[in-house]
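To start, the structure under review is shown below, and the notes come after it.
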Amino acid sequence: MTSRFNPLQADARWQQAWDEAGTFRAVDESNRPKAYILEMFPYPSGRIHVGHARNYTMGDVLARYKRMRGFEVLHPMGWDAFGMPAENAAMERAVHPGEWTWSNIATMRGQLKRLGYAFDWSRELATCDPAYYGQEQALFLDLYEAGLVYRKSSEVNWDPVDMTVLANEQVIDGRGWRSGALVERRKLDQWFLKITDFADELLDGLGALDEWPDKVRLMQENWIGKSQGLRFRFELAEAVDGHSGFEVFTTRPDTIFGTSFAALSPDHPIALALAERDEAAAAFVAECKKGGTTAAELETQEKKGFDTGLEAVHPLDPEWRLPVYIANFVLMDYGTGAIFGVPGHDQRDFEFATKYRLPIRRVVGASREEADKPIEGEAESGDGMLVNSRFLDGMGVGEAKAVVIGRAESEGWGEGTTVWRLRDWGVSRQRYWGTPIPFIHCETCGVVPVPRAQLPVTLPQDVSFDVPGNPLERHPSWKQVDCPCCGGRARRETDTLDTFVDSSWYFIRFASQPANRPFDKAAAERWLPVDQYIGGVEHAILHLLYARFWTRALKRLGRLDVDEPFAGLFTQGMVTHETYRSVDGRWVAPDEVEVGAGGPIERATGAAVERGRIEKMSKSKRNVVDSDAIVDQYGADAARWFLLSDSPPERDLEWSEEGINGAWRFIQRLWRIATAARAGEGRDAELDRKLHQTIAAVTTNIEALSFNKAIARLYELASAVEKAPPSASRGEAAETMVRLVAPMAPHVAEEAWSALGRAGLVAEAPWPEADSALLVEEEVTIAVQVNGKLRDTLTAPKGAPRETLEEMALASEKVVRILEGKAPRKVIVVPDRLVNLVA
RNA sequence: GCGGACGUGGCGGAACGGUAGACGCUGGAGACUUAAAAUCUUCUGCCCGACAGGGCGUGCGGGUUCGAAUCCCGCCGUCCGCACCA
C-alpha cells in the first residue's frame, strides 16, 4: 500500500472508470426519484479558471450526493457558444468565430474532464450548433404564431465607425467601447418578444419560488416594477395639429387638486408636432436628446422645461387651466409619456415648480389643521389626510385614490390601471455569430416566416470580418432568397437573436433532445423543473427572467406543462485573487512575483512591484488562475476541496497558495486514514457517536449547500479517527468517512474505496445513514453563570433534572466564592445547557 | 435618491437568544531526521498575572431579556441592485 495518494495517475484512472461504467448517465426511464442539478453553462471564452471550477464543483457535490442518496440525477454540461467575443477574436486575428469557439470548447471540455465532474456528457450541447439553434428557430416561429413575437421600430445605440448596434453596456461615456466613436441614436425595425404579456405571471410566480434567494426575487420584482394608479385624459383648451388632448398616468390620483402643470416627454407626439412648427420647441427637444443617459449624468442633470403655451383643462374643473411644458425628465417609454405635476408631493415636480415659479399647493397634511402650512424645502410624499381638495377633504390617501379613480371611470375621463417598468424584450442583434432569425422580407408579401421544412437557417461559413458591420448584411448571396409565399425575389432577415434567447431554453434541451423537434414534452416534464440551479448573481435579473418567461410562454402554447424552470436557485460568490502592478503600471501575474525581504519583486526583471487589491479574476489584471495548472500540481480533489472549504459558498473566495496547500495536505491525510485503518476489535462508543454526529451534520450541511461547514465537520472526524485506538468502530469510521468525502473529493475516495477492498464504485455506494440513537451525548457540559456571566462549567448526565443541576451549580467552589454565602435571588435552569444564578 | 445585504482574532470563517472564536490558514515552541521535506505533539482574541485566577471583548450608542454576535431603535462604514418609473 502506497503511503501517498498520487492524483497524477489516479485521477485519470477513475475518470475513465466512471466513463466506462456510464456512472453519470441520466436514465430517462428510471424509477428512482429524479434530481436535476444544473450549473449555468459557460461561455467558451478560452480556458476554464478556478472561478468556473468553484461553480461546477458545488453542483457536482450535490449531483454526486443525490446519486448516493438514490436519486436518478441529471447533471449536464454545455456551451453558451454564440456571442461577441468570438467576433472580436475574428476581427483581431482573422480566425472564423466558429473555429475559435469550437476550439475553445475542446480545450475547456478537456479541462472540465480533468476536474472529474459527474456530468452526463452524452447530453452535451453547444448553442452555436445548428442542431440546437435550428430548434430554437422552430420555437421562435411557434412564439410568432402565438402572437408573442412582433416587429417595431426602436431606438438603438449605433456605432457609426463599426457600423453596428451596441448594447447599453458597450456605450462608455457616450462612445463605442471598441471604436471610441460618438454613439448615435438610430431607429431600426427590430424584433421583440412580448414578455410584458407575462408581467403579472412573472411577478406572481416569484411568490412560489421559496427556494430562491430573497434578494433575487426582490431584484426581479423591482425590475418588473408594477405600479397601480389612474390613467386619465387632459383635454387641451385649443387643439394643436389634430391633438385635442393627451393622457397621463399617476400613482397619486388623490393629489389631483394639487396639480399646477402638465409635462410632456420630448419624444411625445405633441412635443414632436410642436417642434415641427416652432424653432424654440425644436431646439429644446434637440437639447434633451443630446444629454447622455448614464447614471451620473442623470443625477446631475437639472430639471428643464419648455413652456409650450398650450393649456390643459383640469378634468374636475373646466375653468381650471394648467400650463403644458415639455420637460426633460419625462420618459416616453414609461406610462403614457406625459405627467401631471404635483409639486407639493413629488420631489421632481417640486424642483421643477421651484425653478419655473409654479404654485406649490398642499393637498395632503398630517391633519386638517395643516391645510395652510406651506411646503418647504422638499416635497412631502408621505401618507396623511387630504386638504384643500374640495370633495376629497378629510379623506385618507388610500380612500381618496379610490374615490378619484371611481369618479374618473364613471365620468369617462380616465380609468384605474396598472403600469409596468418591464419592457418587451428586444431580441434583434445586428451581428453574425448568433442564431439567424428565421424570417424573409418580401416586397409583396411583407415579413414572412421561413417554412419549417427549410429550417435550420444556417449561418454562412464564408464571411469576413476585415470590414466593420454585419457580415450577414454584406454577404454576396446569403440573404438573396425566394419568397416562400409568392416565389418572387426576397431578402433574408440578417438580424440574429440575442444570446439570452439561446440560454432561455437550454435546460429543456438538456432534458430531452430529439433530432426532429426542440424537445419531447413527456421527457422534458420528467426532469423539469431544475431542482437546483447554481450560478453567478450577475444573472439574477435578465437570464433568469427570460428563462422564466420562455418557460411560461411554452406552457401557454401547450408545449410544456411547467410553470417555473428553476425550483431552487443558488447564487455563488466569485473567486478573487491578489494583483500586482509594476512601477510603470503593468499588471504582473501573481505567479511571476516573488516576495523577498524588501517586498514583492517581479521574478523576471527583479524590479519591485506594488501589491494591488484582491480582485475578481480577470484577464486584464492578469490574476486568473487556470484550472489545468492547479490540477497538474495538486490534482483535482485538492482543487475541489479548497474551492469548497474556505468560504461560505455565497461569498467571495480568495484563491491562495496556502489554501490549496492545506487542501492538498488533507487529501493526503484522508488517504492515510483510510489506508492505515487498523480495524481491530470491539466498539469505541465515543468514536461511534462522533461518526454518526458527523454523518448527520455533513448530510444537513450538503443539503443546505453549506459545504464549508460540512468540511469543518469532516476535519473533526478525521482527527477523531486518527486519535482513536484500533477497534471495529475505527475501521467502520474510516470506511464511512470515505463515503462522506466522495462527493467532494471523488478520486481519492474511489482509490481508498478500492484499497479498502470494497466492490464497485464509491460514486454508486449508498450514502451513510446516521443512527439517531448515537446522536445524543450521554454527558453534557453545563455552563454555570452568575448574573449571566460564565463562572464555571460542570459535567452532568444528559437529561439531569433541574434540581440536580441547580444543586451542582450551587456546590461549585467558584460560585460559592462569588456568591459569598448569599442565596441567589433567582435561578434559571436550561436543562442540558446552563444554570444562571441571579444574585 | 430608492431598495437590499453585511460588519466577529493576524486572515477565511463557526456559533436553535444560552460556554463567542468550531474548523482551516498563518505564526511560535517541541518531537522525528545527519539534514531538509513530509508527518506528529502543543500553543496562538486582547490586557494584567510566574501560576491560580481576573478584567475586556462580536463597528459605535441606546433598549428588551435572568442572559444578546444573534431581537428592537438610532448612528457609522463596506458592498450589491435599480435609478428622473410619475
Side-chain angles (χ1 to χ4, degrees), chain A residues 3-4 213-223 225-227 229-231 248-252 255 263 265 291 293-299 301-303 327-331 333-342 345-349 351-352 378 381 419-422 537-538 540-541 571 641-642 645-648 650-654 656-663 665-666 668-669 672 706 708-719 722 781-794 814 817 824-830 832-839:
Chain A
S3 60
R4 292 193 104 185
D214 290 342
K215 176 189 169 144
V216 174
R217 289 198 285 180
L218 192 66
M219 281 164 73
Q220 293 221 346
E221 191 183 318
N222 291 338
W223 186 264
K226 182 178 187 173
S227 298
L230 170 70
R231 191 168 61 205
V248 298
F249 172 75
T250 177
T251 54
R252 292 295 302 274
T255 63
S265 162
T293 53
T294 64
E297 280 174 281
L298 288 176
E299 200 162 349
Q301 210 165 60
E302 207 183 341
K303 307 276 176 284
N328 65 343
F329 64 92
V330 182
L331 305 173
D333 53 3
Y334 183 79
T336 60
I339 61 158
F340 83 121
V342 184
H345 306 282
D346 180 282
Q347 186 56 24
R348 283 171 323 220
D349 297 348
E351 288 169 34
F352 190 83
E378 57 180 17
S381 55
V419 160
W420 305 86
R421 205 193 82 103
L422 183 69
V537 72
E538 66 273 18
I541 299 175
T571 54
W641 192 263
F642 174 53
S645 67
D646 228 37
S647 285
E650 68 280 4
R651 285 203 217 164
D652 288 354
L653 167 78
E654 190 194 338
S656 72
E657 198 69 22
E658 294 81 14
I660 181 74
N661 267 316
R665 276 200 296 273
F666 185 74
Q668 293 301 336
R669 195 171 153 209
R672 284 195 302 274
S706 299
N708 57 322
K709 294 185 209 169
I711 282 177
R713 297 285 85 79
L714 287 164
Y715 275 114
E716 286 179 6
L717 179 62
S719 296
E722 278 171 330
T781 309
I782 304 291
V784 180
Q785 300 178 333
V786 177
N787 294 331
K789 241 178 195 184
L790 180 74
R791 292 299 175 179
D792 200 2
T793 57
L794 46 91
K814 290 171 189 169
R817 184 149 39 82
R825 282 194 295 131
K826 193 174 174 186
V827 180
I828 286 128
V829 180
V830 182
D832 295 335
R833 280 242 171 234
L834 62 73
V835 179
N836 188 13
L837 306 164
V838 184

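The basis for the numbers below is simple: all heavy atoms, side chains too, and nothing from hydrogens, waters or symmetry mates. Here is how names work: the chains are called A, B, and so on, in the same order as the sequence lines, proteins then strands, and each is numbered from 1.
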Requested in this report: Taking only Lys NZ, Arg NE, NH1 and NH2, and the carboxylate oxygens of Asp or Glu, determine whether A:Arg669 and A:Glu722 approach each other closer than 4.0 Å.
Outcome: yes
Requested in this report: For B:rG3 and B:rA83, measure between their P atoms and round to the nearest Å.
Outcome: 16 Å
Report task. Could you tell me whether the phosphate oxygens of B:rG81, OP1 or OP2, come under 4.0 Å of any side-chain nitrogen or oxygen in A:Arg217? Result -> no
Report task. Taking all heavy atoms of A:Gly337 and all of A:Val330, pick out the closest pair and write down the distance. Result -> O-CG1, 3.6 Å
Dump every N/O contact between nucleotides 63-69 of chain B and the protein below 3.5 Å, one line per pair.
unit_1: B:rC66; atom_1: O2'; unit_2: A:Asn836; atom_2: ND2; d: 3.3
unit_1: B:rC66; atom_1: O2; unit_2: A:Asn836; atom_2: ND2; d: 2.6

Query raised in the report: For A:Ser381, does its backbone N or O pair with a side-chain atom of A:Arg252 as donor and acceptor, under 3.5 Å?
Result: yes
**Report entry** Watson-Crick or G-U wobble partner of B:rC40, both distances under 3.5 Å
**Finding:** B:rG30
Requested in this report: Test for a donor-acceptor pair under 3.5 Å between the base of B:rC23 and the side chain of A:Lys709, counting only N and O atoms.
Outcome: no
Report task. Sticking with atom P, work out how far B:rU70 lies from B:rA15, rounded to a whole angstrom. Result -> 15 Å
Query raised in the report: Hey, does the side chain of A:Lys789 come within less than 4.0 Å of B:rC56's phosphate (OP1/OP2), counting only N and O?
Result: yes
Report summary line: Syn within 90° of 0, anti beyond: B:rG9 is syn
Query raised in the report: Counting just side-chain N and O atoms, does A:Tyr334 come under 4.0 Å of either OP1 or OP2 of B:rA86?
Result: yes
Report task. For B:rC6, take OP1 and OP2 only and decide whether either is under 4.0 Å from a side-chain N or O of A:Arg651. Result -> no
Query raised in the report: Closer than 4.0 Å, any side-chain N/O of A:Ser645 to the OP1 or OP2 of B:rC23?
Result: no
Report task. Do nucleotides 36-53 of chain B as a string where each nucleotide becomes B, S or -: B if the base has a protein heavy atom under 4.0 Å, S if just the sugar-phosphate does, - if no protein is that close. Result -> ---SSS-----------S
Query raised in the report: With rounding to whole Å, what would you report as the distance between B:rG62 and B:rA52 at their P atoms?
Result: 34 Å
Query - Same-atom distance (P) from B:rU58 to B:rG30, integer angstrom - result: 36 Å
Report task. Determine the interatomic distance between P on B:rA22 and the same-named atom on B:rU8; round to the nearest Å. Result -> 16 Å
Query raised in the report: When the C1' atoms of B:rG18 and B:rU78 are considered, how many whole Å apart are they?
Result: 31 Å
**Report entry** side chain to side chain contact (heavy atoms under 4.5 Å, CB included) partner of A:Gln785, chosen from A:Asn836, A:Val835, A:Val838
**Finding:** A:Asn836
Query raised in the report: How far, in whole Å, is B:rG12 from B:rC6 if one measures between their C1' atoms?
Result: 16 Å
Requested in this report: Please answer whether the main-chain N or O of A:Trp223 pairs with a side-chain N or O of A:Arg421 as donor and acceptor at a distance below 3.5 Å.
Outcome: yes
Report summary line: The answer to which of A:Leu218 and A:Asp346 contacts RNA chain B further toward the 5' end, by nearest nucleotide, is A:Leu218
Query - B:rA5 - base-pair partner by Watson-Crick or wobble geometry, distances under 3.5 Å - result: B:rU78
Query raised in the report: Do the side-chain N and O atoms of A:Arg833 and A:Thr781 include a donor-acceptor pair separated by under 3.5 angstrom?
Result: no
Query raised in the report: What pair of heavy atoms forms the shortest contact from A:Leu790 to A:Ala783, and how long is it?
Result: CD1-CB, 3.7 Å
Query raised in the report: So, is A:Asn222 near the phosphate of B:rG4, with a side-chain N or O under 4.0 Å from OP1 or OP2?
Result: no
